[in-house]
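Read the structure below first, then the notes.
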Amino acid sequence: RAAWYKAMAKRAHKYADAVVVPTHAVAAQLGEIHDFGDRIRVIGGAVSSKLTVPVDPDVRARRLELPERYILSVGTLEPRKGLDALIRAMADPALAGLPLLIAGPAGSGELDVHAVAAEAGLDEARVRSLGYLADADLAVALDRASVFVFPSLAEGFGLPVIEAFHFGTPVVHSDDPAVVEVAAGAGVTVKREDAEGYPKRLAEGIRSVLDDPALAERLRFSGLDRSRNFSWRDSAEKVWQLHADL
């Protein structure tokens, strides 16, 4: 896959009149590989119009077996998503009793959730994979989560962060440049450096939200405000303008 990306970047550099990327962070990273000059355009994504709380949230919450309080994360179960570090963070005594729910299909280099949890000394019931969720179920899970955590080690945009903001759910996220750009200070940022200490710092970030209702409330409103900066209409208009410019 890496070879394919390299080949496409080389092809784009040679032939493309414009290259669209989702964040300025990606534009900078791409610029380190090839000099695209002013051909790079930054056009981000947005929350799907289908991602709304349905008319039967309680029914769906019972079917998903959502507890009253829980930590939620979303992502394919692959190494770069940092979910192993998040699972290890759950071993922190301050998070005892809180379950971690992970939504998302299995990805390349599939992570064995229960094996990582067992290695961290966690009860099997503390970590649960929800698998792929339809939009209505995902909306309910996001809306009811105590904290949403996005520990990804490498991202191009980080749409799940905006999705959590959309529901006013407090967010704890990594300091990946693209994620930091998208969050724009509306969440709690955790440094990825020193991989061994990353789980501990994630736990501290989560605790800072759980232990401070005032902070959680501030994050709720800052997240809602930030999510309004992204819309598919705006993105579509930028794409149309790009075509017009060309």
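Computed over heavy atoms, backbone and side chain alike; hydrogens, waters and symmetry mates excluded.
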Could you pull out the closest heavy-atom pair between L202 and A89, with the gap in Å? CB-CB, 4.0 Å

Parallel, tilted or perpendicular: which describes the rings of H13 and H34, with under 30° parallel and over 60° perpendicular? parallel

On a heavy-atom basis, the closest approach of G156 and V26 is O-CG2, 3.4 Å

Could you give the distance from NE2 (H114) to CG (L122), rounded to the nearest 0.5 Å? 11.5 Å

Taking every non-hydrogen atom, the tightest pair across V127 and A117: CG2-CB, 4.1 Å

E181 side chain vs H24 backbone, donor-acceptor pair below 3.5 Å: yes

A125 and P99 have their tightest heavy-atom pair at O-CB, 4.4 Å

L130 vs I102, test: side chain to side chain contact (heavy atoms under 4.5 Å, CB included). Steps then yes/no. CA-CA 6 Å; L130 299 175; I102 302 172; over 6 Å; no

Treating Y198 as the side-chain partner and P151 as the backbone partner, does any N or O pair qualify as donor plus acceptor under 3.5 Å? yes

Donor-acceptor contacts, no H, no angles, side chain residues 140-148, under 3.5 Å, sequence neighbours left out:
| from | atom 1 | to | atom 2 | distance (Å) |
| --- | --- | --- | --- | --- |
| R144 | NH2 | D58 | OD1 | 2.5 |
| S146 | OG | Y70 | N | 3.4 |

In plain terms, say whether D212 and R207 are close enough for a salt bridge, that is, a side-chain N and a carboxylate O under 4.0 Å apart. no

Between S235 and W232 (side chain of the first, backbone of the second, donor and acceptor by atom type, cut-off under 3.5 Å), is there such a pair? no

Please, which pairs that meet salt bridge (charged side-chain N to carboxylate O under 4.0 Å, His left out) have at least one residue in residues 25-53, sequence neighbours excluded? R41-D245

Could you tell me which non-hydrogen atom of F230 sits nearest to which non-hydrogen atom of A46, and how far apart they are? C-CB, 3.8 Å

Charged N-O contact under 4.0 Å between D175 and K191: no

Would you find a donor on one side and an acceptor on the other, under 3.5 Å apart, between the side chain of R226 and the backbone of H166? no

Main-chain N/O of D194 paired to R201 side chain as donor or acceptor, under 3.5 Å: yes

Distance-only, no hydrogens or angles: does the S174 side chain make a donor-acceptor pair with backbone N or O of R192 under 3.5 Å? no

Distance-only side-chain donor-acceptor flag, S231 / D234, under 3.5 Å: yes

Minimum-distance pair of heavy atoms, taken over all atoms of A186 and L219: O-CD2, 3.4 Å

If we ignore hydrogens and angles and just use 3.5 Å, is the side chain of D92 paired with the main-chain N or O of A203 as donor and acceptor? no

